[in-house]
Amino acid sequence: MNASISKIAVIGLGNVGLPMSLLCLQQGFDVIGVDLKPDSVMTNIKNHYPELLSYIQQDAFHISSHYCYVKEASAVLICVPTPLRQEEPDLHHVTDALEALLPYLQPNQLIVLESSTYPGTTKKVMLPILEKSGLRVGKDIFVGYSPERIDPGSDYTLKEIPKLVSGTTNDCLGKISTLYSTMFSTVVPVSSTEIAEMTKLLENSYRLINISFINELAILCDALQLDIWEVIDAAKTKPFGFAPFYPGAGIGGHCIPVDPLYLNWIASKAGKRSKFIEAAKEINGQMAQHIVSQLPKALSTAESGLKDTTVLVIGVTYKKDYPDIKGSTVLDLFTLLQQKQAVISYHDPYVPLLTIGDKVHYSTPLTVQTLASIDCVLIHTDHSSIPIQFLLDHAKVIYDTKNVTKNYTGKARVFRMGSGRNQQDQS
Ligand SMILES: NC(=O)c1ccc[n+]([C@@H]2O[C@H](COP(=O)([O-])OP(=O)(O)OC[C@H]3O[C@@H](n4cnc5c(N)ncnc54)[C@H](O)[C@@H]3O)[C@@H](O)[C@H]2O)c1
């Protein structure tokens, strides 16, 4: 623990703010958590972060919707959402949080933005608001940017992920680096807040573009009747110059569909644009359509339509083993299947019910009877708990977008996306 800091305020207690709070608490700091919706935060804690409950009971973690408690903190970490509005950056959560913070700012506090955003936000959006306090940045208060790199559901603990830090002055950088060094195994200082902001956008644009490229190759491989999965496995034996990415139904979640558009937007302010980001967005938008267009082939029906075809979608979250449907491509898939008048149901152990448009769907238990009555099982998310062999043994047809059926055999006819034909036809 940093000797001069005992309390840290975390503003915005969601997917980022709660793990950050936990890390601060584990390192011995008390945490003041501020969120506009403390009741939903408590529900989220009970369901997904139960280890935080004991800190609440011990009074080490105090949650409120009121900013006044921030007065007691030596550092304030801002983890509020940075979404899009009409495809453009919407920073109102950040500016609202800063305005609400203003009356409670104290000399010597560190204020660090963790939300993903475009280069220039810390200096051009944050500083003008904070300076209204009359406190001088770099002298009375210390301001910086440290992008959150958390990967929900992954094996990396937050502490292990190297933490980029930046400051608006050298003193700001020094104080912020010192604080973060007490929490993270590796701290990586960079020369400016703009570099830190841009690095986060590079990281997520890199993922968007590479996933989109491999999705485009999956579409090409379907047309060429070549197995994209075998091609990737072969390519990744090269020990340098190739990093594997894997196809899927598209891009979902909180960051990868959003952050590259922040980058393209700030580029447009400089009279430039990223053709790669625009192409990637377009290709991902085509994946649901591609899958739906392949289903009649997988079903081996003479019919080109899907009217009255029963489709059971397995996995609806945007990510494996993670209970979040934010931006999941399943929403597009359901809409397209409904337009084709297919009869849709789903199974997901993490999502008991799913509202699409005005219709509520409930997760269907996987039984022999259910599988026998379904025309096509469509694997969308590859949760570890999905009983692949059971599906192979009891389903009629499986359309697999994630290659999870690769090492299995059974009664079902299997069509793996990106291979262009039914597996049985390949042998
Ligand atoms: N979720 C991720 O995996 C992830 C990873 C890296 C970076 N990020 C970035 O971190 C930021 C936060 O994302 P998240 O996923 O935690 O969002 P989230 O939606 O899960 O949580 C944000 C929380 O902030 C609260 N909030 C909104 N406005 C507020 C305000 N003015 N004052 C106090 N609380 C407020 C909301 O009620 C909500 O509980 C975003 O910029 C996101 O892009 C997210």
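As the structure is a prediction and not an experimental result, all values here were calculated from the model. The residues of the chain are indexed from 1 along the displayed sequence. All ligand and atom numbering here is 1-based and tracks the order in the structure.
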*Just going by heavy-atom distances, which of Ala97, Gly14, Pro81 is nearest to atom 19 (O) of ligand 1?*
Pro81
*Backbone, side chain, both or neither: what part of Pro147 comes under 4.0 angstrom of ligand 1, heavy atoms only?*
neither
*Does the pair Arg416/Asp222 count as a salt bridge with the N-to-O cut at 4.0 Å?*
no
*Among all protein heavy atoms, pick the one closest to atom 24 (O) of ligand 1 and tell me residue, atom and distance.*
Gly12 CA, 3.3 Å
_Residue His93 vicinity, atoms of ligand 1 by number, heavy atom under 4.0 Å_ = 27 (C), 28 (N), 31 (N)
*Answer yes or no: is there a side-chain heavy-atom contact under 4.5 Å between Lys123 and Thr193?*
yes
Under 3.5 Å, which donor-acceptor pairs do the side chains of residues 61-71 form with other protein atoms, sequence neighbours left out?
from: Ser64; atom 1: OG; to: His66; atom 2: N; distance (Å): 2.8
from: His66; atom 1: ND1; to: Cys68; atom 2: N; distance (Å): 3.0

*Hey, what do you get for OG (Ser328) to CD1 (Ile325), rounding to the nearest 0.5 Å?*
7.0 Å
_If I compare all heavy atoms of Gly138 with all of Thr169, which pair ends up nearest, and what's the gap?_
CA-OG1, 3.8 Å
_Atoms of ligand 1 close to Cys255 [distance to a heavy atom under 4.0 angstrom, numbered from 1]_ = 2 (C), 4 (C), 5 (C), 6 (C), 7 (C), 8 (N), 43 (O), 44 (C)
*asked:* How far is atom 9 (C) of ligand 1 from the closest protein heavy atom, and which atom is that?
replied: Ser116 OG, 3.5 Å
*Indicate, as side chain, backbone, both or neither, the part of Pro152 found under 4.0 angstrom from ligand 1 when only non-hydrogen atoms are considered.*
side chain
*Show your reasoning for whether ring pair (Phe, Tyr, Trp, His ring centres under 6.0 Å) applies to Tyr346 and His380.*
CA-CA 10 Å; Tyr346 83 92; His380 172 269; over 10 Å; no
*Closest to atom 10 (O) of ligand 1 (judged by heavy-atom distance), picking from Thr82, Ile11, Val16*: Val16
*Check whether any N or O atom of Arg149, backbone or side chain, sits under 3.5 Å from an N or O atom of ligand 1, and answer yes or no.*
no
_Give me the nearest non-hydrogen protein atom to atom 11 (C) of ligand 1 as residue plus atom name, then the distance to 0.1 Å._
Val80 O, 3.4 Å
*Check each heavy atom of Lys200 against ligand 1 and say whether those closer than 4.0 Å belong to the side chain, the backbone, both or neither.*
side chain
_Heavy atoms only, cut-off 4.0 Å: how does Tyr67 contact ligand 1, side chain, backbone, both, or neither?_
side chain
_Minimum-distance pair of heavy atoms, taken over all atoms of Ile176 and Val143_ = CD1-C, 3.7 Å
*Among all protein heavy atoms, pick the one closest to atom 6 (C) of ligand 1 and tell me residue, atom and distance.*
Glu148 O, 3.3 Å
*Aromatic contact, Phe276 with Tyr206 (centres under 6.0 Å)*: no
*asked:* Under the rule for ring-ring contact (aromatic ring centres under 6.0 Å, His included), what residues qualify as partners of Tyr55, not counting sequence neighbours?
replied: none
*Closest to atom 37 (O) of ligand 1 (judged by heavy-atom distance), picking from Asp35, Val10, Asn15, Leu101*: Asp35
